[in-house]
Number of protein chains: 2
Amino acid sequence: MTLDFYKKNKKILLAVDCIIFGFNKEELEILLIQRDFEPEKGKWSLMGGFVEEKESPSESAQRVLKSLTGLDDIYMEQFAVFGNPDREPQERVVSLCYFALINTEILSTDYKAKWFKLDKCPPLIFDHNEMVVEAHNKLKKKAALYPILFELLSDKFTIPQITLLYEAVYENQLDKRNFTRKLLASKLLIKLNEKDKENSKKGAYYYKVDKTVYKEKIISFLNFLPGWYEE
Amino acid sequence: MTLDFYKKNKKILLAVDCIIFGFNKEELEILLIQRDFEPEKGKWSLMGGFVEEKESPSESAQRVLKSLTGLDDIYMEQFAVFGNPDREPQERVVSLCYFALINTEILSTDYKAKWFKLDKCPPLIFDHNEMVVEAHNKLKKKAALYPILFELLSDKFTIPQITLLYEAVYENQLDKRNFTRKLLASKLLIKLNEKDKENSKKGAYYYKVDKTVYKEKIISFLNFLPGWYEE
DNA sequence: AAAAATAAGTGTTAATTTGACACTAATTAT
DNA sequence: ATAATTAGTGTCAAATTAACACTTATTTTT
């Protein structure tokens with residue numbers, strides 16, 4: 001009886017798919033690959049892979065991410081399961097969806113992945129376009145409460161850069177004065193004695209994240225974006 | 001080549017486990033079953049089952065819930081994946097975790113499940129105790145933003161009952177005056193011309209949820225619980 | 001060297017929301 | 001009639017919010 005219980009149940013191919021967000025200083029982007037195998041060879045796709053024998057799903061997601069970007073230690077979160085029996089034509093696959101936030105500057109370019117602006121995402125295989133939409137929605141909700149968007153920026157960044165980032169994620173204009181005030185009130189940022197002179201004549205001071213505060217900081221970020229969630 | 005790609009990957013037993021929350025007018029409870037099969041026969045366990053061939057994981061979770069409670073149409077949310085390779089001794093099983101909110105009054109009692117107070121939960125099989133803790137944490141976060149806790153109450157309820165419910169979920173005392181004010185300001189409640197006289201001499205007015213508002217209503221519930229998330 | 005151009009950075013105010021706080025009202029039981 | 005019990009309500013000071021536009025620092029142009 002012991003093993004019968006398990007044996008009578010069908011096993012399933014279990015995949016992970018990663019929506020990898022990046023920020024190009026102006027727009028939110030996602031990293032896609034062109035499939036080089038059947039089915040759907042040549043089509044654009046999220047990065048994915050199967051959960052292997054000796055790894056947990058989050059380890060699979062990390063492996064996939066590493067194999068495609070060379071990056072370790074990336075912010076990643078499981079946010080959905082796509083598992084309709086017929087979502088892939090060849091074989092039943094249940095997919096665990098993760099979104100990841102990476103700083104695109106760190107990423108070397110010799111991987112065959114390509115960045116696409118979120119609003120110019122090509123048609124993707126299977127239900128991957130739906131996954132992207134859900135990931136973006138989840139990102140908006142999460143980032144309203146937790147300061148995770150800093151994962152998309154370099155170690156040092158300017159206030160105008162953060163503002164552009166939030167405007168990109170929420171597809172909305174922000175009041176610069178109010179936003180800056182709230183940012184600084186969060187006590188999350190440390191002002192550096194150095195300016196970014198690339199993007200303006202006056203130059204904007206660099207800041208970095210106070211890591212000790214960052215770990216504890218949640219929810220206080222709420223209402224950074226007055227009203228975005230009510231629309 | 002087509003199918004080789006899939007074939008070389010190992011399939012995995014995919015389970016769903018449900019943390020079913022209920023509210024007994026005083027405390028938050030979860031519904032558990034005593035396993036009547038090996039392994040771990042006789043031990044307490046979450047309700048679970050395997051994802052079958054023709055169903056999506058959320059359908060599996062609904063089926064499990066229905067088979068154990070007779071209930072349909074229950075609020076349910078996937079909140080975690082437990083998938084360490086060795087989390088079950090006999091066989092590798094990846095578990096998709098759902099939490100559900102049900103009104104215990106509707107539930108008939110001839111199912112062999114049993115309610116346990118959340119803080120008096122017995123030792124459970126495998127990693128189920130961890131799942132319960134994560135579910136409770138997730139519930140707290142979600143319910144701070146969305147009015148989902150009404151799913152735990154009957155169609156009509158009193159303000160004192162809601163207050164007790166929030167106090168139970170957040171394990172904290174609430175200021176009755178401020179909480180009531182915010183509740184009513186949410187425009188989510190419709191006052192009925194009827195009182196509950198069971199629980200007090202004066203009697204407390206019943207309210208019901210305004211379903212049209214309920215569907216849209218999110219986040220405005222935030223800060224119902226000043227400071228709970230900062231501790 | 002003066003003027004123009006550009007983007008950074010900053011302050012005020014009125015309205016709203018918050019949290020802290022304690023008494024009155026309605027009913028039943030004695 | 002009195003006591004007991006729980007429901008229900010109001011005020012105020014402090015903090016937070018959103019709406020709003022000018023000054024500053026620097027480089028480029030003339």
Side-chain angles (χ1 to χ4, degrees), chain A residues 25-26 144-145 153 156-168 170 172-208 217 219-231, chain B residues 25-26 144-145 153 156-168 170 172-208 217 219-231:
Chain A
K25 305 247 180 227
E26 290 192 359
L145 301 176
L153 298 172
K156 45 184 199 182
F157 45 79
T158 66
I159 303 277
Q161 282 167 13
I162 310 176
T163 311
L164 284 174
L165 170 56
Y166 274 80
E167 289 182 332
Y170 292 97
N172 258 314
Q173 290 289 109
L174 292 173
D175 181 296
K176 195 170 46 152
R177 284 164 293 185
N178 292 337
F179 187 72
T180 306
R181 174 159 35 84
K182 285 185 191 179
L183 259 184
L184 297 175
S186 77
K187 300 288 178 202
L188 203 63
L189 301 187
I190 298 173
K191 190 175 189 171
L192 303 179
N193 246 333
E194 190 188 351
K195 278 187 166 181
D196 162 37
K197 310 276 290 195
E198 304 242 320
N199 298 296
S200 78
K201 293 168 181 172
K202 182 173 177 181
Y205 278 104
Y206 280 115
Y207 288 78
K208 64 177 184 178
K217 213 65 175 182
I219 303 225
S220 59
F221 249 53
L222 187 77
N223 265 346
F224 253 48
L225 312 142
W228 72 267
Y229 35 74
E230 309 224 315
E231 293 168 349
Chain B
K25 306 245 179 226
E26 291 191 357
L145 301 176
L153 297 173
K156 47 184 198 181
F157 45 79
T158 66
I159 303 276
Q161 280 165 12
I162 310 176
T163 310
L164 285 174
L165 170 55
Y166 274 80
E167 290 182 332
Y170 292 97
N172 258 313
Q173 290 288 111
L174 291 173
D175 182 296
K176 193 173 44 153
R177 285 164 293 183
N178 292 337
F179 187 73
T180 305
R181 172 158 40 89
K182 288 185 189 177
L183 261 183
L184 297 175
S186 77
K187 301 288 178 201
L188 204 63
L189 301 187
I190 298 172
K191 190 174 187 170
L192 303 180
N193 247 333
E194 190 188 351
K195 278 186 166 183
D196 161 38
K197 313 274 291 192
E198 303 244 319
N199 298 294
S200 77
K201 292 168 182 171
K202 181 173 176 181
Y205 278 104
Y206 280 116
Y207 287 79
K208 65 176 182 178
K217 213 65 176 179
I219 303 229
S220 59
F221 250 52
L222 187 77
N223 266 346
F224 253 47
L225 313 142
W228 73 266
Y229 37 73
E230 311 225 313
E231 292 167 349

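Within every chain, numbering begins at 1; the chains are lettered A, B, ... in the order of the sequence lines, protein sequences first and strands thereafter. Note that the structure is a prediction, hence the values are computed from the model and not measured.
Note: CZ (R177(A)) to C1' (dT17(D)) measures 14 Å, nearest angstrom. F179(B) places its CZ atom 15 Å from the C1' atom of dA7(D), with the value rounded to the nearest Å. Residue N178(B) contributes atom CG, which lies 16 Å from atom P of dA13(D) at whole-angstrom precision. Rounded to a whole Å, the NZ atom of K182(B) is 18 Å from the P atom of dG10(D). The distance from atom CD of Q173(B) to atom C1' of dC21(C) is 16 Å, rounded to the nearest whole Å. Summarising the geometry, the separation between CG on L184(A) and P on dT16(D) is reported as 15 Å, rounded to the nearest angstrom. Separating the CD atom of Q161(A) from the P atom of dA7(C) is a distance of 14 Å, rounded to the nearest angstrom.
Here the nucleotide nearest the side chain of R181(B), chosen from dT17(D), dT18(C), dT9(D), is dT18(C). Among the nucleotides dA19(D), dC20(D), dA7(D), the one closest to any side-chain atom of A204(B) is dA7(D).
Map Y205(A) and D175(B) each onto its nearest nucleotide of DNA chain C; the residue landing nearer the 5' end is Y205(A).
Near DNA chain D, meaning a heavy atom under 4.0 Å from it, residues 191-203 of chain A has K197(A), K201(A), K202(A) in order of number.
The minimum heavy-atom distance linking K25(A) with Q161(A) is given by the pair NZ-NE2, 3.6 Å. The two atoms that bring L153(B) and I162(B) nearest to each other are CD1-CG1, 4.0 Å, heavy atoms only. In this structure, E26(A) and A168(A) approach most closely via the heavy-atom pair O-CB, 3.8 Å.
Atoms OH and CG, on Y206(B) and N193(B) in that order, are 13.5 Å from each other to the nearest 0.5 Å.
Pairs of residues two or more places apart, or lying in two chains, never qualify as salt bridge (Lys or Arg N to Asp or Glu O under 4.0 Å) while including a residue from residues 158-167 of chain B.
Taking Y207(B) as the reference, nothing meets the ring pair (Phe, Tyr, Trp, His ring centres under 6.0 Å) condition, with sequence neighbours excluded.
At a threshold of 4.5 Å between non-hydrogen side-chain atoms, the residues N199(B) and T158(B) do not count as touching.
At dA21(D), none of the side-chain N or O atoms of K176(A) fall inside 4.0 Å of OP1 or OP2 (strictly under the cut-off).
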